[in-house]
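The chain is numbered in sequence order, starting from 1. Atoms within each ligand, like the ligands themselves, are counted from 1 in listed order.
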Amino acid sequence: MKSLAAILASVLGVALGGNVALAQAPKSGVERLYVVDCGTSVGPDKSRWTPGVDVGKPLDMVGNCYLIRHAQGWMVWDTGVSDDVANMPDGRPGTAGSPHWRRSKTLAGEIEKLGLKPADIKYLAVSHTHPDHIGNVELFPQTMLLVQKAEYDWPSPAGPRFKPSHPVTKLEGDHDVFGDGSVTIVSTPGHTPGHQVLLVKLPKFGAVLLSGDAVHIKESFEKRYVPSNNVDREQTLKSYQRIADLLAQHKAQLWINHDAPQRATLKLAPEYYE
Ligand SMILES: [Zn+2]
């Protein structure tokens, strides 16, 4: 006697007329990834990110923001230092070893050049809440913010990390943003309590992992350096391993947010990857 599954298979086979496309997984809805210039910076002492190595040497860095076009809407990943820095002729000096930032372009201006308004952005996610990543969150006051609960609730001497009125989804772990597996937030604590990275599976280019500050420069990932200002060493090392596993599993490229030599090799908005 035929099993129920076999009967269903034969019935469906006839009904679909052998149309293989219908039997495949749903099409990924992600269409484009834009890399947006969100500034350049100089860290006064590289060894903040490479403890014991290159002590006292300055480090040239960059800051990237990213825009994702998905069939269901637009998403922004990381917002850089505040656009106000573009109006400061000498940029904004860092404090306590943090980098000195300069901006030649604004996030608001780059979005406008693509014909978008802030209200067109459906989702906004930040890797973590350091000032060089959340500087322009309030450019998008109506956009749903996707952030780890551990980051949102992390006490700050300066008060709440986000405006309490900002719409938010507090995540507890990984999150499939559009429900089709094409854009996934992955929890990677260590740099901060609720740090997260973003895996984007582009239909033509392939998979890209956007690092946030889980990795600062290529060298830190290769040598598994734990920056001196990270909140948790063990979590940092586990997150490095998680990232390495994801890169292998998805044959993904690692795009490191602050890595200046790498950004020099990337196409910047209005160009895009698809
Ligand atoms: Zn940063």
Check: Charged N to carboxylate O under 4.0 angstrom, K46 versus E219?
Finding: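 Salt bridge flag = yes for E219 with K46.
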
Note to self: Does anything in residues 169-274 form a disulfide (SG to SG under 2.5 Å)? List the pairs, not counting sequence neighbours.
What the structure shows: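 Sorted result for residues 169-274: empty, none.
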
Next item on the list: Tell me, please, which residues at least two apart from H130 pass ring-ring contact (aromatic ring centres under 6.0 Å, His included).
Entry: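 So H130 forms a ring-ring contact (aromatic ring centres under 6.0 Å, His included) with H128, H191.
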
Notebook entry, point to check: Can you count the protein N, O or S atoms that lie less than 2.8 Å from the Zn ion (ligand 1)?
Noted result: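 Every protein N, O or S atom under 2.8 Å from the Zn ion (ligand 1) counted, the figure is 4.
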
Next item on the list: Sequence neighbours left out, what pairs pass salt bridge (charged side-chain N to carboxylate O under 4.0 Å, His left out) with at least one residue falling in residues 119-144?
Entry: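 Applying salt bridge (charged side-chain N to carboxylate O under 4.0 Å, His left out) to every pair that reaches into residues 119-144, excluding sequence neighbours, yields K117-D120.
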
Notebook entry, point to check: Where the side chain of Q148 meets the backbone of G173, is there a donor-acceptor pair that is under 3.5 Å apart?
Noted result: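 Yes; at least one donor-acceptor contact below 3.5 Å.
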
Margin query: If you take the centroid of each ring, where Trp contributes its six-membered ring, are Y34 and Y273 closer together than 6.0 Å?
Written below: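 Ring centroids of Y273 and Y34 are no less than 6.0 Å from each other.
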
